[in-house]
Amino acid sequence: MTVERTSAAAPAPHNLVLAPFRGVRFNPARVRDLGAVTTPPYDIIDADGVGLLEHSDPHNLVRLILPRDGAERYARAARALDRWLAEEVLVTDPEPALYVYEQAIDGRAHRGLIGALGLCPFEAGVILPHEDVMPGPVADRLELMRATRANLEPILLAYEGGGAASDETSAVDTRQPLVDVETSDGSRHRLWAITDPAALARIAADLAPRQALIADGHHRYATYQRLQAEQHAAGRGPGPWDFGLALLVDTTRWPLEVRGMHRVVPALAAEDAVRLASKAFRVTRLEGDLDAALRAQGEARERGPALLVSDGRRHWLLTDPDPAAVEAAVPRDRPRAWRWLEATILHAVLLDRLWHVPDTTEHIQYRHVAPAAVAEAAATGGTAVLLNAVPESTVRDLAAAGVRMPRKSTSFHPKPRSGFVLRTFEADHS
């Protein structure tokens, strides 16, 4: 870590702070296609996707966020970042800014503000987590952040506002964007910088009293906190580690969609999964394709938890969990809304009690879309378990009460594409 401070540690902010910073962006004079150097968030890129992104452009961000395995992987990413900066493939904007980021998918545009988020302890009630995290991904992102001295991707936060910050976010329409590009998935991305001191002051005043829900990026926020604690413990005091890159979306103006997060258990055959599940669930074999099965699952959800199990060819619906089994398996010191979440019942009753599958990434894979989960189950001879979306109101209510959902319970969309603006500690410190 080359950036150092020796003064006392900065007090944790007790307001929502999204600070301007000097963004680091790909140089259009050196990069032929800005869309070809950007990526989806690191945790939804599979091994095949890494290869495709690497071949799309020699400077694709995947080389930084998911360097190939090996003892030097993190150092290799850091060297690549330093080289791209030295060669001006990446350049630093001349003045601090908040960035308006817009992505348009199927004709619908979503906007938010990218800035340096002031890190708050969760007990301050400013930043609200809604899911638990796993130690492995936090350790991985921490090693990468230590090596690169940068926040390479924004996390996604949601708040309910409709105030001056959103007015300023909308007002950039009268100006030429810094970036206007269409990516290979057909989505359009635009970026503007807000540098006017008066506009920045209005945004800061509007955001200060608000709460923000972590919609996507719990592991990266935990990484921000770990790095901050390390730097303060080393006596470096206030510095760029007191902030983390974030996209803040006002869902009053630009609503996000909450989807279910699905599981794949490669080592468990679906027939065995269904046989064991019948001890505590009503099991219904479904006819038709995956779309028909998903419709049936959605209809069943109106009556209670409904899990869809598939081996890629056959589909079974698990409903009406035995209340006695739920009582025996699920902790009783949580609200009823948490105790009857599909993810809670899946992990406590099925994975732990009936299937005896360890709750680790070695035994359970997570997928954002149902077809990918089902395809993986078919390829491995395993079992896919598909979950319904959790209502956003339930997510917010539990988060506001300080109750975290089981990890990977939700998937908020659209997620920001990575690579349009980065934050390096040196740029933000100068």
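Computed from a predicted structure; not experimentally measured.
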Look only at the side chain of [X] and the backbone of [Y], and say whether a donor-acceptor pair between them is shorter than 3.5 Å.
X	Y	value
H413	L256	no
W192	R175	yes
D185	S187	yes
W355	A273	yes
T252	G161	yes
R301	A306	no
T251	Y159	yes
D250	G162	yes
Q365	T361	yes
E54	R63	no

Under a 3.5 Å threshold, yes or no: a donor from one side chain and an acceptor from the other, between [X] and [Y]?
X	Y	answer
E342	N388	yes
T424	E426	no
T410	E131	yes

Measure the [atom1]-[atom2] distance between [X] and [Y] for me, rounded to the nearest 0.5 Å.
X	Y	atom1	atom2	value
D242	Y224	CG	OH	13.5 Å
S409	R404	OG	CZ	12.0 Å
L317	Q297	CG	CD	6.5 Å
I364	L351	CD1	CG	4.5 Å
N151	W241	CG	CH2	12.5 Å
R263	L386	CZ	CG	11.0 Å

Show every donor-acceptor pair shorter than 3.5 Å between a side-chain atom in residues 207-214 and any protein atom, with sequence neighbours excluded, or say none if there are none.
from	atom 1	to	atom 2	distance (Å)
R210	NE	D206	O	3.1
R210	NE	D206	OD1	3.4
R210	NH1	E160	O	3.3
R210	NH2	D206	OD1	2.7
Q211	NE2	G125	O	2.8

Could you report the tightest heavy-atom contact between [X] and [Y], atom names first, then the distance?
X	Y	result
L200	P20	CD1-CG, 3.8 Å
A277	L354	CA-CD1, 4.1 Å
P321	W340	CG-CZ3, 3.6 Å
G23	V421	CA-CG2, 3.8 Å
L156	P414	CD2-O, 3.9 Å

**Study point:** Residue pair L113, Y101: steps toward the side-chain contact (heavy atoms from CB on, under 4.5 Å) verdict
**Key:** CA-CA 6 Å; L113 286 168; Y101 170 63; over 6 Å; no

Practice item. Would you please test F26 and D57 for side-chain contact (heavy atoms from CB on, under 4.5 Å) and show each step? Key: CA-CA 12 Å; F26 281 100; D57 190 284; over 6 Å; no

[Y] side chain reached by [X] side chain, heavy atoms, under 4.5 Å:
X	Y	value
R253	S170	yes
F21	P240	no
I127	L16	yes
M261	L387	no
E153	I65	yes
L341	P406	yes
E362	T360	yes
L152	L144	yes

Practice item. Sort out for me which residue in T169, L117, L18, I155 forms a side chain to side chain contact (heavy atoms under 4.5 Å, CB included) with L248. Key: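 Checked T169, L117, L18, I155 against L248; only one passes side chain to side chain contact (heavy atoms under 4.5 Å, CB included): L18.
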
Point to revise | Criterion side-chain contact (heavy atoms from CB on, under 4.5 Å) on R188 and D180, from CA distance to verdict | key: CA-CA 7 Å; R188 183 185 181 190; D180 187 346; 2.7 Å; yes

Which atom pairs, one a donor and one an acceptor, fall under 3.5 Å between side chains of residues 79-89 and the rest of the protein, sequence neighbours left out?
from	atom 1	to	atom 2	distance (Å)
D82	OD1	R149	NH2	3.3

[Y] ring center within less than 6.0 Å of [X] ring center:
X	Y	result
H218	H130	yes
Y221	F122	yes
H189	F420	yes

Exercise for review: Show your working on side-chain contact (heavy atoms from CB on, under 4.5 Å) between Y99 and L178 and close with a plain yes or no.
Suggested key: CA-CA 10 Å; Y99 295 86; L178 300 171; 4.2 Å; yes

Check your understanding: Can K415 and D216 be said to form a salt bridge (charged side-chain N to carboxylate O under 4.0 Å, His left out), step by step?
Key -> CA-CA 8 Å; K415 302 179 187 300; D216 188 68; 3.0 Å; yes

Practice item. For side chain to side chain donor-acceptor pair (under 3.5 Å), just list the numbers for N60 and H55, CA-CA rounded to whole Å, side-chain angles, deciding distance to a tenth of an Å, and then say yes or no. Key: CA-CA 8 Å; N60 188 279; H55 284 95; over 6 Å; no

Exercise for review: Give the ring-plane orientation class for Y366 versus H347, where under 30° counts as parallel, over 60° as perpendicular and anything between as tilted.
Suggested key: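 Judged by the thresholds at 30° and 60°, the geometry between Y366 and H347 is parallel.
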
Which pairs of donor and acceptor atoms, one on a side chain in residues 35-46, lie under 3.5 Å apart (sequence neighbours left out)?
from	atom 1	to	atom 2	distance (Å)
T38	OG1	G35	O	2.9
T38	OG1	R417	NE	2.6
D46	OD1	D48	N	3.3
D46	OD1	G49	N	2.7

Exercise for review: Test salt bridge (charged side-chain N to carboxylate O under 4.0 Å, His left out) on R407 and D359 and set out the steps.
Suggested key: CA-CA 10 Å; R407 53 181 174 253; D359 189 6; 3.2 Å; yes

Exercise for review: Using the side chain to side chain donor-acceptor pair (under 3.5 Å) rule, pick out the option among E257, H368, R259 that qualifies with S411.
Suggested key: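 So, applying the side chain to side chain donor-acceptor pair (under 3.5 Å) to S411 and each of E257, H368, R259, only H368 qualifies.
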
If you measure from the Lys or Arg side-chain nitrogens to the Asp or Glu carboxylate oxygens, is any gap between [X] and [Y] under 4.0 Å?
X	Y	result
E230	R236	no
D173	R111	yes
E168	R202	yes

Exercise for review: Give me the one residue out of R146, R73, R220 that meets salt bridge (Lys or Arg N to Asp or Glu O under 4.0 Å) with D140.
Suggested key: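 Going through the options one by one, the only one that passes is R73.
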
